[in-house]
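Read through the structure below, which is laid out as structure tokens, and then see the notes.
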Amino acid sequence: MIVIEYSSPNTNKPLHLGHIRNNLLGFSLSRICSAAGNRVIRTNIVNDRGIHICKSMLAWQMYGNGETPESTGTKGDHLVGDYYVLFEQKLREQAEQLAGGGMTPDEARENAPLMKEVRQLLLKWEAGDTDTVELWREMNSWVYAGFDITYKALGVEFDKIYYESDTYKVGRELVIKSLKKGDLVRKDDGSVWIDLTADNLDQKLLLRSDGTAVYMTQDLGTAVIRYSDYHFDRHIYVVGNEQNYHFQVLALTLLRMGYRWAEGLHHFSYGMVELPEGKMKSREGKVVDADDLIEEMTATATEMSRELGKLEDYSDSERENICRQIGLGALKYFILKVDPKKNMTFNPAESIDFNGNTGPFIQYTYARIRSVLKKAEETEAGEGERDCTDVIPNPKEISVIKLLNDFPSLIVEAAEELSPALIANFCYELAREFNQFYHDYSILGEEDKRIRGFRLKLTAVTGRVIEKGLWLLGIEAPERM
RNA sequence: GGUUCCGUAGCUCAGUUGGAUAGAGCAACAGCCUUCUAAGCUGUGGGUCGAGCGUUCGAGUCGCUCCGGAAUCACCA
């Protein structure tokens, strides 16, 4: 039993390209692990509370004039995200004024009126103030409706969703219990820490001096809840490499608290997605938005399809669906073929290729295969000799057969290594080999019935393997393109 | 400064447990559609695998040192 946590969004802004990498990796890993014979639970922890959420709420209260997704026609997560950016903008203005009065930039930020107000708002939320909690619920519901659309567009799913607003309390109790047992230390100001200096790490805060929870507290609680829910053998966290330290501390802390199962925790750490001009910054609005990107990819696929004169005899809705599959295929393959550990640069201007080592190349190979098989059924050319065991394959066919033969063990390997890239590169290689075979030899035009039957069989198996391979990556295989 | 990760062709990336002349794609150039989908296929040019030392019959791959880049070491999440 493997639990895979991925996505883990904050509810104060829409998903961006970094989340896309996370979601695609997590979803693909879940499919690879289950294909390798594991029972897999896909989970998501929603970071639905905290000061960053209050920032959006406060900005909406102050400047929102009662706007809703319905009244503005804006997707809920974008509307909330706009107020988050607005808050940061107004805060910067206030801070600049104060800095002009002689404060350091940090002091100015901390002492700005908006910052004080937003802290007040968080306190009110934690105290359970009715109006505040009501607003929080409503704005979060807008965000969830928006996320659902993005998740659906990406094609990712979850079996179980956890909310930080539920789990942080469990974490706090856990810390208090553990403190009594003597695993932790309490400082004079009342804050609670774990001392990991024996493991070459520092002391780490688990509860603030005012008794409130921090990020780590919440993750401790979530882990314990999950173990009691599923008794997993392994728990994979798909989280960016910026949190390497956090997950080291998390596992060690749980072990120190006596939870042996924490040995099964594994941080699947992946690199950042950067833009040509540097890191993406949510609070400045400098991000590649997930919804925009998906739309652009689809638009590019549509444009390309039109230029090539494909799909002209299809209905608008069929054409739209295929172009969506291709656009997303390009995006998904682009991200998944790369070693997850590496940082990657995404250049929106140059966009993503549809030729060469790409998703559409593999999808195209699949569409060709489907086309041949369909024609074989229609013309009854497939009624050839069933027994083709004595056919001696040519070198191109042998190359394809060798690859097909590798596929089952590759799935196991990809699951062990947690590497969608292995599957992605295999799919490309198989598609390339098959295209060479397809180019050099005729399948349906072959005179010898047994050879024709053999080639049709090879074609059918290749089609199934490509389809399965793409499926493992969460990429759809169009029948035609 | 400590820790972790990355460095392979102009660009984006592969490189299986160490194995022979280091592979793709993009970009450039030159070809292939009366024949199963040309989003394809073929060819040309392009590399001191960051540098050095070591282990080995053999190193892009393993070890050490250095150089360059990223992340992190918060009473942020």
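For the numbers below, each heavy atom of this structure counts, side chains included, while hydrogens, waters and symmetry mates do not. Below, chain A is the first sequence line, B the second, and so on; all start at residue 1. Fair warning: this is a prediction, and the values are worked out from it, not measured in the lab.
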Practice task
Identify the heavy atoms of A:T150 and A:A290 that sit nearest to each other, and give their distance.
Solution key: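 Closest approach of A:T150 to A:A290: CG2-CB, 4.0 Å.
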For nucleotides 26-32 of chain B, tabulate all protein N/O to nucleotide N/O atom pairs closer than 3.5 Å, reporting atom names and distance.
none

Ignoring the backbone of [X], work out which of [options] is nearest its side chain.
{"X": "A:L444", "options": "B:C36, B:A71, B:C13", "result": "B:C36"}
{"X": "A:P360", "options": "B:C73, B:A39, B:G25", "result": "B:A39"}
{"X": "A:K342", "options": "B:U4, B:C6, B:C36", "result": "B:C6"}
{"X": "A:N343", "options": "B:U72, B:A70, B:A77", "result": "B:A70"}
{"X": "A:Y245", "options": "B:C73, B:A39, B:C36", "result": "B:C73"}
{"X": "A:N241", "options": "B:C41, B:A71, B:G7", "result": "B:A71"}
{"X": "A:R208", "options": "B:A14, B:U37, B:A77", "result": "B:A77"}

Check whether any side-chain nitrogen or oxygen of [X] sits under 4.0 Å from OP1 or OP2 of [N], and answer yes or no.
{"X": "A:K310", "N": "B:A39", "answer": "yes"}
{"X": "A:R370", "N": "B:C36", "answer": "no"}
{"X": "A:R368", "N": "B:A38", "answer": "yes"}
{"X": "A:Y364", "N": "B:A39", "answer": "yes"}
{"X": "A:S371", "N": "B:C36", "answer": "no"}
{"X": "A:Q243", "N": "B:A77", "answer": "no"}
{"X": "A:K375", "N": "B:U37", "answer": "yes"}

Handout entry: Whole-Å gap separating C1' (B:U12) and CG (A:L336)
Key =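 Result: 15 Å.
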Problem - For atom CD of A:Q203 and atom P of B:A74, their distance in whole Å - result: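 Distance, rounded to whole Å: 11 Å.
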Practice task
Please tell me which of A:V372 and A:A431 maps to the more 5' nucleotide of RNA chain B, matching each residue to the nucleotide holding its nearest heavy atom.
Solution key: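 On the 5' side of the pair lies A:V372.
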Handout entry: Pairwise 5' ranking along RNA chain B for A:S442 and A:N47, keeping only the more 5' one
Key =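 Nearer the 5' end of the strand: A:S442.
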Exercise for the section: Go through A:T167 and A:E164 one step at a time and tell me if the side-chain hydrogen bond (donor to acceptor under 3.5 Å, both in side chains) criterion holds. Expected result: CA-CA 5 Å; A:T167 64; A:E164 187 187 322; over 6 Å; no
Exercise for the section: Mark yes or no: A:R21 above the aromatic ring of A:Y270, with NZ or CZ under 6.0 Å from the six-membered ring centre and no more than 45 degrees from the axis. Expected result: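 Negative - A:R21 is either too far from the ring of A:Y270 or too far off its axis.
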Problem - ring-ring contact (aromatic ring centres under 6.0 Å, His included): pairs with one or both residues in residues 462-481 of chain A, sequence neighbours excluded - result: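 Residue pairs passing ring-ring contact (aromatic ring centres under 6.0 Å, His included), neighbours aside: none found.
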Shorter than 3.5 Å, N or O on both sides, protein versus nucleotides 17-19 of chain B: list them out with atom names.
none

Exercise for the section: Show the numbers, then the answer: is there a side-chain hydrogen bond (donor to acceptor under 3.5 Å, both in side chains) between A:T11 and A:N140? Expected result: CA-CA 6 Å; A:T11 58; A:N140 272 350; 2.9 Å; yes
Problem - Qualifying residues under side chain to side chain contact (heavy atoms under 4.5 Å, CB included), relative to A:Q94, sequence neighbours excluded - result: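 For A:Q94, the residues satisfying side chain to side chain contact (heavy atoms under 4.5 Å, CB included) (neighbours in sequence not counted) are A:A112, A:P113, A:L114.
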Practice task
Could you check which residues of residues 209-223 of chain A get a heavy atom under 4.0 Å from RNA chain B? Sort them by number, please.
Solution key: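 Heavy-atom cutoff 4.0 Å gives A:S209, A:V214, A:Y215.
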Handout entry: Dot-bracket line, read 5' to 3' along RNA chain B, where crossing pairs take [ ] and | marks a partner on another strand, Watson-Crick or G-U under 3.5 Å
Key = (((((((..((((.....[...)))).(((((.......))))).....(((((..]....))))))))))))....
Handout entry: Side-chain heavy-atom pair A:T222, A:Y168 within 4.5 angstrom cut-off
Key =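 When only atoms from C-beta onward are counted, A:Y168 and A:T222 do not touch, as no gap falls below 4.5 Å.
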Practice task
Give a yes-or-no answer on whether the side chains of A:S7 and A:N23 include a donor-acceptor pair shorter than 3.5 Å.
Solution key: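 A:N23 and A:S7 do have a side-chain donor-acceptor pair below 3.5 Å.
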